[in-house]
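Chain letters run A, B, ... following the sequence lines, proteins first and then strands; every chain starts at 1.
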Number of protein chains: 2
Amino acid sequence: MNQSSPWQPITPAKPARATREPLTRERIVDTALRLLVEQGYEAVSMRKVAQALDTGPASLYAHVANKKELDQLMLDRAAADMVLPDADPEHWQEQLKAAMDEILRVMRAYPGLARAAIGQVPLGEYAMLSTERMLAILKAGRVPDQAAAWAVDLIPLFITATAFEESVQGAADFAPEDLAGFVDQLRSFFGSLDPARFPLTIALAGAMTTGASGDDRFDFGAQVIIAGLASMVPPQQ
Amino acid sequence: MNQSSPWQPITPAKPARATREPLTRERIVDTALRLLVEQGYEAVSMRKVAQALDTGPASLYAHVANKKELDQLMLDRAAADMVLPDADPEHWQEQLKAAMDEILRVMRAYPGLARAAIGQVPLGEYAMLSTERMLAILKAGRVPDQAAAWAVDLIPLFITATAFEESVQGAADFAPEDLAGFVDQLRSFFGSLDPARFPLTIALAGAMTTGASGDDRFDFGAQVIIAGLASMVPPQQ
DNA sequence: ACCTGAACACCGTTCAAGT
DNA sequence: ACCTGAACACCGTTCAAGT
């Protein structure tokens, strides 16, 4: 080849395609969360995130330590969406319930996020701001310090486990409308057990299968936790 | 080669090695649980279970539908180890606590089992016998039917999530003795936050980091749940 | 410092072929 | 019916090489 041929300029006037934006932590987390929302947790692999950014998986490691860190970053980005109320001593129980609802709402907005969150201590800025606000609500309710400190661990544990369970159900084969069929099957399975060995399971088959979708089950768990915490508040004066 | 050579008998007197025992569901579950106990949940792959049984992964699929079914079978095998008390109306709260302790004990005996159990409805015989016994305890305590039915979902959710968290911590790099160092780091991290934004996290740094190992945190959660359920028991008569 | 291709050491599952 | 080898379509992470 000629080193300088007239129809092959040495410096092309323009690259064939616009220069790609450089990779950043932010773009990686954005892309990961987009994949999470659009295609679920299984779609958030280092390889698929890289592919969506039009690069190879190795390129991500300059910005993110590993998959676990990416999971944490996604969680904290999502936690930024949570809006928890300012503490009001008169209504701490309602406020705590509202806070739990809000955390579940955000978890549900990013289906599969619970899989990234479960079992991890969330140390991101936004997750910790949520913790701080929950502590304020509990202290306003005069929940003892040690109980409040453990409660802000127990509450996300409960919510995350709930959202995790929902995401497993959601990721299963059946569409939402098949869920009703599954619940029917489950109830008749309970009903068909040996009455000598499973009398209560049979008797409560209906109660055990209600609230499989919707919020009744979650509201019950929240109520149990709140009532349990309330029982630890010492009498006034 | 000669079709019948004198030093190469057509029917060897004995196979070189004993005939392998045939694969069964039971042997597969046994092997999977052994790997789980010895090497943790990550070691329980279809391929590694097959390898431990001296065969290929495809061979397992004649006995087990898929990995998820194997997880369920492991869980139910472990559930057979659980010994829950007969219901006694006088002591339902203590009995419920004992039942929760027992379920956690078995979970801990199979580290990583929580990862197989989380998010699944356990429909195996032994898991359901545990459920039946918990229902008996709750009914003995006059917990309303719907609350009891949901409680036997909430309680394993809590225990499994707790065990899951422990298994993540356990699978992390640090050995048990490094945990203390990690907790120290965490406490000083909380202490070093911006006092204007995280006043309560700073004030409660000590309380939030106590009970990282041991049973205090679990006992607290169990107490919250039991007290919450007790608050739903209608007054006598 | 950032990015890349290629490789390493894995996964779960399927399928045609054997016995 | 049960078992197998080989393949398919994936993983997370590392590393030497480029710019």
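Atom CD of A/Q51 is surrounded by 12 or fewer heavy atoms from other residues, nucleotides or ligands within 6.0 Å.
Residues satisfying the ring-ring contact (aromatic ring centres under 6.0 Å, His included) criterion with A/Y41, sequence neighbours excluded, are absent altogether.
Without hydrogens or angle criteria, A/D76 side chain to A/Y126 main chain gives a donor-acceptor distance under 3.5 Å. At distances below 3.5 Å, at least one donor-acceptor pair connects side-chain atoms of A/E132 with backbone N or O atoms of B/L200.
One atom, CG of B/L53, and another, C1' of D/dC2, lie 15 Å apart when rounded to the nearest Å. In this structure, the CD atom of B/E69 is 15 Å from the P atom of C/dG12, given to the nearest Å. Rounded to whole Å, atom C1' of C/dC11 lies 12 Å from atom OH of B/Y41. At whole-Å resolution of the value, NE2 in B/H63 and C1' in D/dC3 are 9 Å apart. We find that CD of B/E42 is positioned 11 Å from P of C/dC11, with the value rounded to whole Å. Atom CD of B/E21 is separated from atom C1' of D/dC3 by 16 Å (rounded to the nearest Å). Distance A/Q51 CD to D/dG12 C1': 15 Å, rounded to the nearest Å. Atom P of nucleotide C/dG5 and atom CG of A/L60 are separated by 13 Å, given to the nearest angstrom.
Ionic pairing of A/D215 and A/R108 is present here: one or more N-O contacts between side-chain nitrogen and carboxylate oxygen are shorter than 4.0 angstrom. Salt-bridge annotation for B/D30 and B/R77: present, with a side-chain N of the basic residue lying under 4.0 Å from a carboxylate O of the acidic one. A salt bridge links A/R25 with A/E69: at least one charged nitrogen is closer than 4.0 Å to a carboxylate oxygen. With salt bridges taken as basic N to acidic carboxylate O contacts below 4.0 Å, one links B/D184 and B/R187.
For A/K48, no side-chain nitrogen or oxygen approaches OP1 or OP2 of D/dC10 to under 4.0 Å. Within the 4.0 Å cut-off from OP1 or OP2 of D/dC3, not a single side-chain nitrogen or oxygen of B/T55 is found.
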Nucleotides 13-16 of chain C: which of its N/O atoms have a protein N/O under 3.5 Å away?
residue, atom, partner, partner atom, Å
C/dT13, OP2, B/Y61, OH, 2.9
C/dT13, OP2, B/K67, N, 2.9
C/dT13, O5', B/Y61, OH, 3.3

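Residue A/S45 is in sugar-phosphate contact alone, with no base atom involved, counting any heavy-atom pair closer than 4.0 Å across all strands shown.
For the pair B/L204 and A/V152, the minimum side-chain heavy-atom distance is 4.5 Å or more.
Across D/dA9 and C/dC10, the matching P atoms stand 22 Å from one another, rounded to whole Å.
Pairing analysis of DNA chain D (Watson-Crick: purine N1 to pyrimidine N3 plus N6-O4 or O6-N4; G-U wobble: N1-O2 and O6-N3; both under 3.5 Å) yields stems of 3 or more pairs at C:4-8 with D:12-16, C:12-16 with D:4-8.
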